[in-house]
Amino acid sequence: MMETPDDLVQPFEIKPLGVRGRLVRLGSAVDDILHRHDYPPPVSALLGEAIALTAMLGSALKFEGKFILQAKGDGPVDILVADYSTSGGMRGYARFDSLVADKLSGTSDELPANLLGNGHLAMTIDQGTDMERYQGIVALEGRSLSEVAHEYFQRSEQIPTRVMLAAGPLMGRGRSAREAWRAGGILIQHLPQTGPSSPLRLSSGDAPAGAIEPHLEDDRWIEARLLADTVEEHELLDPTISPERLLYRLFHERGVTIYRAQAVKSECTCSRERIAAVLKGFARTEREEMRQGNLINVTCEFCSTRYSFTLEEIENLS
C-alpha cells in the first residue's frame with residue numbers, strides 16, 4: 001500500500017462537540033532523533049512518545065519561541081527532554097542507567113511509570129531572552145506519559161483533555177531495510193468558549209465540608225472522549241493510514257473540520273560556534289581540567305555530534 005506523508009501535526013475541530021484537537025504523525029524525524037543514540041527499546045519508546053507529545057503542544061504556539069518538555073525522576077530514566085521550536089525543529093534525549101534499563105526490556109516493568117519513577121514533569125514555554133518564561137509542573141503520577149499529561153491539564157490548565165500516544169519500531173522493506181522508529185499521538189480538548197463549560201460541580205447541599213463532590217460533564221465532551229478512545233496504537237503509527245483518514249474514521253458521524261497541517265523535522269540547535277562560546281565562559285583553569293591530551297572534546301547530548309577544540313582556538317575567540 002502507498003505510504004502517506006509523515007512528520008506533521010494535523011489540527012482539527014469537531015464543531016458540533018465543541019472540541020479542538022491535534023494529531024501528530026512522526027516518521028523520519030523521530031527515527032533520526034532516536035537513531036543518534038544507542039537507547040534500549042523501552043527508552044526509545046518513552047522518548048518517542050515524549051517527542052510526539054511535545055510536537056502536539058509546541059505546534060500550538062502562536063509566537064516565536066520554544067516549547068520544552070522535561071521529566072526528572074528517580075527511576076532508570078532520570079532525565080527525559082524534548083523541545084520544539086516554532087520553525088518546526090525538534091530534538092530530544094534521555095539519560096538513563098543502562099544496566100537497569102536493559103534488564104527491563106521485554107518485561108512489564110518497562111512501563112513509563114517504572115522507567116521514570118517518582119519525580120515531576122515540567123512544560124516550559126520560552127519566548128526568548130527578553131521575555132519571562134511560563135512553566136507548569138506536575139508530579140509523575142500515572143502508568144503512562146499520557147496519564148501524566150492528563151494530570152497536567154487537569155491541574156495546571158483546567159481544560160478537559162484527552163491524550164493518546166504511541167511509539168515503536170517498524171521493519172522497513174528490501175534487503176537493506178532496517179528497523180525504523182515511528183511515533184504518533186492525538187489530543188482533544190473541550191473548550192468552554194465553544195459551548196457550555198465542561199465540568200460543573202454538583203452539590204446536594206448537605207455534603208461534608210471538604211468532601212470531593214461529583215462533576216457533571218457536558219454530554220458533548222463525553223461523546224468526543226469516547227470516540228477518541230477508540231483509536232488504536234497501530235493506527236497512530238501505520239504509515240498507510242493518513243491523518244485525514246484516521247480522523248474521518250473517528251469523528252465522521254459528527255463532522256470533523258481539518259485545518260492546514262504543520263511540518264516538523266529533526267533539528268538540533270547546537271553548533272561549533274555556540275559550544276566554543278560556552279567554553280570561552282569557563283575560567284582557564286577549568287578548561288585545563290577539561291582537556292584530554294591537546295583537545296577539549298564536547299558531545300551534544302541531543303544529536304551526539306562531537307566537537308573538538310584546542311585551548312588556543314578558544315583563547316583566540318573574540
Side-chain angles (χ1 to χ4, degrees), residues 8-25 49-50 52-63 67 69 84 112 121-125 134-166 183-203 212-233 235-236 241 243-262:
L8 56 83
V9 179
Q10 178 67 68
F12 63 91
E13 185 174 7
I14 312 157
K15 294 180 180 179
L17 299 180
V19 166
R20 293 181 184 175
R22 288 175 177 260
L23 185 148
V24 62
R25 174 68 56 76
E49 289 189 3
L53 178 60
T54 300
M56 285 193 293
L57 300 179
S59 60
L61 295 179
K62 303 300 183 184
F63 47 79
F67 178 86
L69 182 148
Y84 173 97
L121 176 76
M123 299 187 187
T124 306
I125 297 175
Y134 168 80
Q135 186 174 74
I137 300 176
V138 68
L140 288 171
E141 297 177 351
R143 290 165 50 87
S144 67
L145 202 57
S146 297
E147 291 183 11
V148 177
H150 290 155
E151 189 69 13
Y152 170 83
F153 281 105
Q154 181 177 339
R155 295 193 178 190
S156 300
E157 304 292 337
Q158 297 182 344
I159 300 174
T161 302
R162 202 70 165 177
V163 179
M164 281 74 73
L165 301 167
I186 187 169
L187 175 149
I188 60 170
Q189 292 184 317
H190 185 263
L191 303 180
Q193 61 264 35
T194 62
S197 57
S198 281
L200 300 176
R201 287 201 172 274
L202 291 178
S203 175
I212 298 177
E213 299 179 356
H215 287 74
L216 175 64
E217 290 186 296
D218 189 304
D219 288 342
R220 298 176 308 160
W221 170 242
I222 294 174
E223 181 181 350
R225 194 180 63 213
L226 291 174
L227 290 173
D229 284 349
T230 66
V231 73
E232 298 184 19
E233 283 194 8
E235 292 181 294
L236 295 173
I241 301 177
E244 295 86 354
R245 178 182 165 192
L246 178 54
L247 291 172
Y248 178 81
R249 203 279 289 170
L250 293 173
F251 305 115
H252 70 277
E253 292 182 359
R254 281 298 202 159
V256 56
T257 302
I258 295 175
Y259 299 106
R260 188 178 207 175
Q262 298 166 255

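Residue numbers run from 1 in the order of the sequence given.
Here the shortest heavy-atom pairing between Ala122 and Gln135 reads CB-NE2, 4.0 Å. A pairwise comparison of heavy atoms in Gly255 and Pro16 identifies O-CD, 4.1 Å as the closest pair. The minimum heavy-atom distance between Ser59 and Arg22, with the atom names listed, is OG-NH1, 3.0 Å. Across all their heavy atoms, His190 and Gly18 have their closest contact at CD2-O, 3.4 Å. When all heavy atoms of Val163 and Ala149 are compared, the pair lying nearest together is CG2-CB, 4.3 Å. In terms of heavy atoms, Ala183 sits closest to Ala52 at CB-CB, 4.3 Å.
Within the 4.5 Å cutoff, the side chain of Leu121 has no heavy atoms near those of the Glu151 side chain. Residues Phe67 and Met56 form no side-chain contact, since every pair of their non-hydrogen atoms from C-beta on lies 4.5 Å or further apart. You'll find the side chain of Ile14 stays beyond 4.5 Å of the side chain of Arg220, heavy atoms only. Inter-residue side-chain proximity for Leu69 and Tyr84 is flagged as unmet; no heavy-atom pair is nearer than 4.5 Å. Leu57 places a side-chain heavy atom less than 4.5 Å from the side chain of Leu187. Contact annotation: the side chain of Arg249 approaches that of Thr230 to within less than 4.5 Å [non-hydrogen atoms, C-beta and beyond]. Counting heavy atoms from C-beta outward, Glu13 and Arg20 have side chains that approach closer than 4.5 Å.
Partner of Trp221 under the side chain to side chain contact (heavy atoms under 4.5 Å, CB included) criterion, chosen from Leu17, Leu191, Val19: Val19.
Atom-to-atom distance recorded for Asp229:CG and Met164:CE is 5.5 Å, nearest 0.5 angstrom. Remark: Arg260 CZ to Leu8 CG distance equals 12.5 Å, nearest 0.5 Å. Separation of atoms CG (Leu23) and CD1 (Ile188) is listed at 11.5 Å; rounding is to 0.5 Å. Going from atom NZ of Lys15 over to atom CZ of Arg254 covers 14.5 Å, rounded to the nearest 0.5 Å. For the atom pair CG of Leu247 and NE2 of His252, the computed distance is 12.5 Å after rounding to the nearest 0.5 Å. Atom CZ in Phe251 sits 8.0 Å away from atom CG in Leu246 (nearest 0.5 Å).
Looking at Glu147, its side chain does come within 3.5 Å of a backbone N or O of Arg143 through a donor-acceptor pair. A side-chain donor-acceptor contact under 3.5 Å links Arg25 to the backbone of Leu236. No donor-acceptor pair closer than 3.5 Å links the side chain of Gln10 to the backbone N or O of Pro243. One N or O on the side chain of Thr161 and one on the backbone of Ile159 form a donor-acceptor pair closer than 3.5 Å.
The number of heavy atoms from other shown groups lying within 6.0 Å of OH (Tyr259) is above 12.
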